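All values reported here derive from a predicted model rather than from experimental measurement. Each chain gets a letter, A, B and so on, in the order its sequence line appears, and its residues count up from 1.
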There are 2 protein chains.
Amino acid sequence: MTSYKDKKVITIGVVHELTGLSERQIRYYEERGLVFPDRSKKGTRKYSFNDVELLMDIANKREEGVQTYEIRQDMKKEEKKRQVREEMLRGQLNAHFNMRK
Amino acid sequence: MTSYKDKKVITIGVVHELTGLSERQIRYYEERGLVFPDRSKKGTRKYSFNDVELLMDIANKREEGVQTYEIRQDMKKEEKKRQVREEMLRGQLNAHFNMRK
DNA sequence: CGTGTAAGGAATTCTGACACG
DNA sequence: CGTGTAAGGAATTCTGACACG
């Protein structure tokens, strides 16, 4: 379920190289609740490949002039949708198995 | 063809955390030709998830008392096998397509 | 042979702040 | 709001070497 894409192992310097974003920008997007890196014991940020992809999406939105606040709202909506879909699926599965009982 | 598993983005410190090997050991295995990290512009080593897996295999072999030299020989043999298999496949494909001409 | 360690330097990362707008 | 930058400190990484065995 958790693959390499989700493992938080990339330092901010490498994320900078991969995305072209400045470290300042990357930290700021975290401040705005758009990315959530892990922290090593000593406090350095660790990102996953998923985070890198997300940051590239954010970079594109920013270029279009979308504000971080709006990006955050959109991300919340997406999250909501995903939850609803999951609940529906769960409900159907339950109904199915209840019928077979 | 090249996935996240092959992307060299992990610093030696994180590799240490993931494998349990000391940085000294990790660098030594490189010296012996067992792993080949990339280098960032400034010279710090970058490993891939594949490298991490390889290092864990090496760690197991070492625990069994296998010397780095032998591990290297085995890796070369494996590499050879892979090449032969590829050449055979290529040959069969060629024969196949030549027949259809 | 394989690994630990101390050494000194260079590069990285962190935070909080000021700047501009 | 979003980003650059200088500041000072702490943590990371690098290399070459000595040590033990």
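The pair B:Arg27-B:Glu30 does not count as a salt bridge, with every side-chain nitrogen at least 4.0 angstrom from each carboxylate oxygen. With salt bridges taken as basic N to acidic carboxylate O contacts below 4.0 Å, none links A:Glu78 and A:Arg82.
The distance from atom NZ of B:Lys41 to atom P of C:dT12 is 9 Å, rounded to the nearest whole Å. The CD1 atom of A:Ile26 sits 16 Å away from the C1' atom of D:dT5 (whole-angstrom rounding).
Nucleic acid contact class of A:Ser40 (heavy atoms, under 4.0 Å, all strands): none.
Between A:Thr11 and the phosphate of C:dT13, there is a side-chain N or O to OP1/OP2 separation shorter than 4.0 Å. Contact between the side-chain N/O atoms of A:Tyr29 and the OP1/OP2 oxygens of D:dT3 is found at a separation under 4.0 Å. For B:Tyr28, no side-chain nitrogen or oxygen approaches OP1 or OP2 of C:dT3 to under 4.0 Å.
Remark: C:dA6 base-pairs with no nucleotide; criterion is Watson-Crick or G-U wobble with both hydrogen-bond distances under 3.5 Å. Remark: D:dG16 base-pairs with no nucleotide; criterion is Watson-Crick or G-U wobble with both hydrogen-bond distances under 3.5 Å.
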Note to self: At under 4.0 Å between heavy atoms, how does the protein contact nucleotides 14-20 of chain C? Give one character per nucleotide, 5' to 3', with B, S or -.
What the structure shows: SB-B---
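Taking the six-membered ring for Trp, B:Phe49 and A:Tyr4 have ring centres closer than 6.0 Å.
Other residues, nucleotides and ligands place no more than 12 heavy atoms under 6.0 Å from the NZ atom of B:Lys7.
Within the 4.5 Å cutoff, the side chain of B:Ile26 has no heavy atoms near those of the B:Val35 side chain.
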